[in-house]
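Only this structure's heavy atoms are used, side chains among them; waters, hydrogens and symmetry mates stay out. Per chain, numbering begins at 1; letters A, B, ... match sequence-line order.
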Amino acid sequence: MAVSFVQRRLMSHSSLQKWAYNLAGFNKLGLWRDDLLYEDSDVKEALRRLPQKYIDERNYRILRATQLSIQKSVLPKEQWTKLEEDVLYLTPYVNDVIKEREEREEWNKTH
Amino acid sequence: MMATNITKAPILRAISIRGYAAAAGCPASKGIPVNGQPDYEIKTTVLPNKVVVASAENEALISRVSILFRAGARNETPDNLGTTHTLRICAGLSTHNASQFAITRNIQEVGSSLTCSTDREVVAYTLEGTRPVLEKTLPFLTEVATRQCFKPWEVSDNVPRLRLELATRPPQLRAVDLLHKAAYRSRGLGNSIYTAKHQLGKISSETLQHYVKQNFVANRAAVVGLGVDHQDLVRYAQSLQLEGGKADCEPADYRGGEIRSDKGGDVAHIAIAGKGGSFRNAKEALSFAVLQRALGAGSSIKYADENRGLLAKSLSKCSGPTSITALNISYTDSGLFGALISTPCGDAKTVVKDVVDILKGGSIPDEDIARGKAQLTAAVLHALESGSTAIEDIGNQAVLIGSVANACQIANAISGLNSSDINNALKKITSSKLSIASVGNLRCVPFLDELV
């Protein structure tokens, strides 16, 4: 009980954050922030490392959003992604990939 | 270090080489062999957490440090078979404080080398490098040996290397591997040192982490060094902060049996063994080693037609190139002793029957025993003289027995053996049930019940 109380406090978003998130509009298609990352080489490598479960969920969301886009419609309001549900599943992997690339480049500069 | 062309000019290179040789403190100028003094004194300390630390200062130019664990293939359970093979392939992958790139490049840059070797009983990580740089690279040894991460994508990226190793095993190696399976059944010492093909890709990161957590424990660890100061090594071993864990695995249980692996081709490779000597009884282990050389275990002179051992008698009956060598493998509490035969498939029956007759024979003539003792002493002294074989031997003794004997003590122990010891060892084989493993074209290889 105590643990979940702490978690909720750390993860609670201000109204401004929630308003900005809803204004962006991609949550109406059921997408998450990490689904929208531009797939450059770092993100591609991070996607290669992602466990299969997250890849399957990501593909489902992207496919559903594509279908909605073709039909020029959006999800019903109950199914719009909420900021609390939107987990940054890919960003930690991307950050690690970038850190490794920078380590390599730094080494090549001095050796 | 930037690559420059300046050192490629012959005259400048000659000057730089001469300059180094005359540098103060270079062992060559003091009369010490470049590989270090062969008669070094070994100091052993056992830390409070049961880690055995052994080192010798042999004044070599290259220092070597090795971390060993009694975590070899015999500790694998049926659901994680092949973990030690994967561990060996995954040595050097990302750890908690260093990425794979950092480990490889930093060690390469100073000219050191880091190797991992696994066995049925021991997993060893060895770092070798010139003295001034060894201290700089020791943290990487700690990382690689004790703080592995086993990131899932790195492990799966290395499955092709596992596959390559499996594909490039020579058939004699497969025969000896299967011999263990035949002798000890499918557990403990019977476990293969290689992953089975059906397990490729199935050893996950969690399995590896769990295996390391269970088996890389302080009461089964040793840290050895050659060309390092003993107190420095003790401090290093304490800094590893290994935790205690469960004690050793089940005792070995020799059963005997046969395994045949039909692969076709022209040659049959057969490994035959009976129950051999274990390290617990040092005298018996040395007797079996002398017996191996008395029966014939490889030539001492390259390219020589030297067929002196007793096992060589069948060679004249063979129609093609044949190799018969005595096999002696000792573990902490068990061992295998016998022969490894590679022969054209048609001659397999005669050769195997002759070899079994000698193994079950009775006694060895004194001159063969004397030759065996001399050859074994030379081999031991060569191995312990210097270099990678020395650190490996010292490491194995430290981690398996807990104390390290130096070359002179072992040589004296060998000369203290007499013919009755060797003949008693042979009698043990006579009374033990045989194990046979054969690989290749098996149409003429006899079955176990045809031999007894």
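Going from atom CZ of A:R48 over to atom CG of B:D157 covers 4.0 Å, rounded to the nearest 0.5 Å. Separation of atoms NZ (A:K99) and OG (B:S99) is listed at 9.0 Å; rounding is to 0.5 Å. Once rounded to the nearest 0.5 Å, the distance linking NE2 of A:H111 with CD of B:E109 reads 4.0 Å.
A salt bridge is defined here as a Lys NZ or Arg NE, NH1 or NH2 lying under 4.0 Å from an Asp or Glu carboxylate O, and B:K151 with A:D96 fails to meet this definition.
Under a cut-off of 6.0 angstrom, the local environment of NZ in B:K197 is sparse, with at most 12 non-hydrogen atoms contributed by other residues, nucleotides or ligands. Counting heavy-atom neighbours within 6.0 Å of A:E85 CD, excluding the residue itself, gives a total above 12. Residue B:E243 qualifies as open at atom CD: its count of foreign heavy atoms under 6.0 Å is 12 or below. Residue A:Y54 qualifies as open at atom OH: its count of foreign heavy atoms under 6.0 Å is 12 or below. Summarising the local packing, CH2 of A:W107 is surrounded by more than 12 heavy atoms from other residues, nucleotides or ligands at distances under 6.0 Å.
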A:L50 and B:W153: CA distance, side-chain angles, deciding distance, side chain to side chain contact (heavy atoms under 4.5 Å, CB included) verdict: CA-CA 9 Å; A:L50 201 58; B:W153 56 91; over 6 Å; no

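Contact annotation: the side chain of A:E103 approaches that of B:F101 to within less than 4.5 Å [non-hydrogen atoms, C-beta and beyond].
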